[in-house]
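Written below as structure tokens is the structure these notes are about.
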Amino acid sequence: MEKNKKIILGIIIAIVVIAVIGIVIINYITELNNEAEMEALNNNPEAKTQLFLAQSDINNDNLIDRSELITYFNSSSDPESIADEFLSYDSNNDDALNKNELFNYMSNTT
């Protein structure tokens with residue numbers, strides 16, 4: 001009976017060890033994939049433009065205005081300066097960035 005308990009305990013420990021190793025491997029692979037995606041994103045202004053537009057265009061008008069920029073960057077130390085930097089690419093002076101202007105910003109800051 002004692003021998004059976006030791007065998008069962010050994011099997012349980014082996015299963016836990018295998019599960020932990022599997023989780024570590026999955027996390028490592030996920031991290032590598034995330035890094036690869038970020039690298040690809042950093043080298044692709046069109047993808048950066050689409051992603052930024054999707055994340056920051058609150059009213060879905062395909063324009064990023066000053067208030068949306070400030071809202072998007074509200075956790076930074078100076079969101080208004082960041083908004084001003086983005087709006088320096090506002091070629092038609094409407095105080096908002098359309099997709100082309102945002103693309104130009106992303107292309108020049110990559």
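Position 1 is the first residue of the sequence, and the numbers go up from there. None of the values given here were measured: they were computed from a predicted structure.
Of the residues listed (Asn27, Ile26, Ile25), the one engaging Ile29 in a side-chain contact (heavy atoms from CB on, under 4.5 Å) is Ile25, and it is the only one.
Residue pairs meeting the salt bridge (Lys or Arg N to Asp or Glu O under 4.0 Å) criterion with at least one member in residues 63-91, sequence neighbours excluded: Arg66-Asp84. Applying the salt bridge (Lys or Arg N to Asp or Glu O under 4.0 Å) test to residues at least two apart or on different chains, none of the pairs has a partner in residues 50-63.
To the nearest 0.5 Å, the span separating CG on Asn100 from CG on Asn62 amounts to 11.0 Å. Atom CD of Glu46 and atom CG of Leu102 lie 9.5 Å apart (nearest 0.5 Å).
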Kindly indicate, with the supporting measurements, whether the criterion side-chain contact (heavy atoms from CB on, under 4.5 Å) is fulfilled by Asn98 and Asn92. CA-CA 9 Å; Asn98 61 35; Asn92 59 1; 4.2 Å; yes
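By the 4.5 Å heavy-atom criterion applied to side chains, Leu69 and Ser56 are not counted as neighbours. Between Leu87 and Glu101 there is no side-chain heavy-atom pair separated by less than 4.5 Å. Between Phe52 and Ile64 there is a side-chain heavy-atom pair separated by less than 4.5 Å. The shortest side-chain heavy-atom distance between Leu97 and Phe86 falls under the 4.5 Å cut-off.
Cluster annotation: Ile82 is connected to Tyr72 through the hydrophobic network of ILVMFWY side chains, with a link wherever side-chain heavy atoms come within less than 4.5 Å. Both Met106 and Phe73 are members of a single hydrophobic cluster when ILVMFWY side chains are connected at heavy-atom separations under 4.5 Å. Cluster annotation: Tyr28 and Val20 are assigned to distinct hydrophobic clusters (Ile/Leu/Val/Met/Phe/Trp/Tyr, side-chain heavy-atom contacts under 4.5 Å, transitive).
Using bins of under 30°, 30° to 60° and over 60° for the plane-to-plane angle, the ring pair Tyr89/Tyr105 lands in the perpendicular bin.
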